[in-house]
2 protein chains.
Amino acid sequence: MLSRGRIVDAAIDLIEREGADAVSMRGIAAGLGVGVMSLYNHVPNKAALLDAISETILSKIEFTDDPSAPWTDRVRVQARAFRQIAHHYPRSTMVVFSRQLHSSAGLLPVERALSTLRDAGFEGSEAVRMLRMFVAYIVGSLLREVGVTPTFAPVRGDATVAEVDPVLFPEVSSLAPLLTSCDHDEEFEFGLELLVQAMAVRAGEQSGRRRARG
Amino acid sequence: MLSRGRIVDAAIDLIEREGADAVSMRGIAAGLGVGVMSLYNHVPNKAALLDAISETILSKIEFTDDPSAPWTDRVRVQARAFRQIAHHYPRSTMVVFSRQLHSSAGLLPVERALSTLRDAGFEGSEAVRMLRMFVAYIVGSLLREVGVTPTFAPVRGDATVAEVDPVLFPEVSSLAPLLTSCDHDEEFEFGLELLVQAMAVRAGEQSGRRRARG
DNA sequence: GACTGGCACGTACGCTGTACGTCCGTCAAC
DNA sequence: GTTGACGGACGTACAGCGTACGTGCCAGTC
């Protein structure tokens with residue numbers, strides 16, 4: 001028996017195997033051993049299916065952070081949970097980023113993050129701003145990590161960089177080896193640490209002001 | 001006379017008018033008053049055309065930062081230049097983000113940024129890490145700002161948030177008004193400032209260590 | 001037994017990207 | 001002035017896409 005869930009799962013499998021461009025209603029149906037039009041009994045159209053894929057991916061994020069741990073550690077754990085799922089479904093992650101979903105699928109991550117930020121001492125618009133900044137960093141990082149099409153990426157990039165004119169682009173030229181290679185784990189942790197520290201500084205100022213007022 | 005540049009310009013116009021999904025070789029050709037296949041005399045295929053669009057957009061970034069200004073100000077100016085062009089071509093920006101380009105089109109921004117980071121005291125891998133973190137934030141922010149499909153966005157989001165269960169999602173529920181509305185300028189500047197300050201702290205530690213060694 | 005609703009499915013239409021062949025205007029060589 | 005080559009604009013054609021619509025089967029209810 002066909003179902004919305006089975007269709008979404010098959011679609012995610014197909015995307016991970018053959019890429020987001022290769023996904024088609026016919027391909028998904030073939031993967032399920034089913035006629036194309038049968039899909040439309042469970043999904044109104046392809047756009048809705050892609051939205052459903054986004055929600056499913058988002059819902060797979062597992063939060064294992066300990067509520068009693070310091071908020072800085074919880075922030076780190078939550079950020080890594082986000083990243084882990086993106087690495088597990090790299091190509092589907094691209095479709096998540098390419099669609100803005102109006103649904104409440106991503107609400108649990110937001111709730112957890114806001115709760116953590118409250119523990120850190122941020123409230124109201126300050127908490128929302130912190131959240132948005134943090135999400136921006138994570139999304140931007142993952143877009144870079146995941147957008148390089150992990151499978152069969154032609155390493156043509158090196159050749160291009162080798163041709164960089166050292167006179168026009170001295171900095172790029174001298175840092176070329178560092179720019180072409182990238183330890184994604186290390187890069188992510190670096191930015192994460194910088195952000196957590198920046199937030200800690202800001203949190204200290206906040207509580208300092210509150211103490212001064214109280 | 002048809003040319004690669006005219007094709008790219010027409011394609012960008014079309015994307016901004018009707019969205020990235022609506023862009024087709026036939027549509028572009030029609031906009032130029034030309035047969036479809038004529039395009040293929042100047043562009044090998046649609047993917048290459050989209051790459052060309054990305055490069056063109058990237059090349060439109062104007063750097064007006066004063067090399068004699070403090071590096072913190074230069075960072076701010078460069079970030080805003082990036083953002084400005086994304087706002088000028090919002091829908092094309094989405095295609096830029098959805099493609100990773102192997103070309104050297106985005107090299108000038110990188111060069112300028114690395115030069116600024118060197119002035120701040122960052123060198124080698126530290127500079128590259130700072131650059132990548134900064135780009136991640138900017139890209140993530142712009143993806144949020146631009147991904148909300150500025151034109152004719154159905155404001156269904158508010159209704160969805162109004163239905164949030166206050167028991168399941170207390171934080172989201174209490175901050176709902178702040179979460180639904182968003183002053184993009186303010187949000188961007190907030191994160192930008194936080195990052196610049198974090199970088200300044202790190203730069204101070206760097207130069208401190210150098211002084212200690214020297 | 002008849003009736004009804006849901007689901008799987010085939011057909012068909014308009015759209016897409018693009019391979020291939022054709023035509024025509026321009027320019028060089030004789 | 002004629003001829004030949006060549007580059008660019010173009011039409012045709014094909015495979016593949018999303019999906020509107022109609023058909024047939026099968027379970028459940030009166």
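All chains are named by letter (A, B, ...) in the order of the sequence lines, taking the proteins before the strands, and each is independently numbered beginning at 1. Just so we're clear, the structure is a prediction, and the values are computed from it rather than from any experiment.
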Which atom pairs, one a donor and one an acceptor, fall under 3.5 Å between side chains of residues 39-50 of chain B and the rest of the protein, sequence neighbours left out?
{"unit_1": "Asn45(B)", "atom_1": "OD1", "unit_2": "Ala47(B)", "atom_2": "N", "d": "3.3"}
{"unit_1": "Asn45(B)", "atom_1": "OD1", "unit_2": "Ala48(B)", "atom_2": "N", "d": "2.9"}
{"unit_1": "Lys46(B)", "atom_1": "NZ", "unit_2": "Val23(B)", "atom_2": "O", "d": "3.2"}

With sugar-phosphate taken as primed atoms, P, OP1 and OP2 and all else as base, the protein-contact string of nucleotides 4-17 of chain D at under 4.0 Å (heavy atoms; B, S, -) is ----SBBBBB---B
Listed by chain and number, what are the side chain to side chain donor-acceptor pair (under 3.5 Å) partners of Gln84(A), not counting sequence neighbours?
none
Those residues at least two apart in sequence (or on a different chain) that pass side chain to side chain donor-acceptor pair (under 3.5 Å) with Ser141(B) are none
For chain B and DNA chain C, what are the first and last nucleotides along the strand, 5' to 3', with at least one atom under 4.0 angstrom from a heavy atom of the protein chain?
dT16(C) to dC20(C)
Extract all donor-acceptor atom pairs below 3.5 Å that involve side chains of residues 186-194 of chain A and protein atoms in other chains or at least two apart in sequence.
{"unit_1": "Glu186(A)", "atom_1": "OE2", "unit_2": "Arg129(B)", "atom_2": "NH1", "d": "2.9"}
{"unit_1": "Glu187(A)", "atom_1": "OE2", "unit_2": "Arg132(B)", "atom_2": "NH1", "d": "2.8"}
{"unit_1": "Glu189(A)", "atom_1": "OE1", "unit_2": "Arg80(A)", "atom_2": "NH2", "d": "3.0"}
{"unit_1": "Glu189(A)", "atom_1": "OE2", "unit_2": "Arg80(A)", "atom_2": "NE", "d": "2.8"}
{"unit_1": "Glu193(A)", "atom_1": "OE1", "unit_2": "Arg76(A)", "atom_2": "NH1", "d": "3.1"}
{"unit_1": "Glu193(A)", "atom_1": "OE2", "unit_2": "Arg76(A)", "atom_2": "NH1", "d": "2.3"}

So, the side chain of [X] versus the backbone of [Y]: is there a donor-acceptor pair under 3.5 Å, distance only?
X	Y	value
Thr93(A)	Tyr89(A)	yes
Ser173(B)	Pro170(B)	no
Glu171(A)	Glu111(B)	no

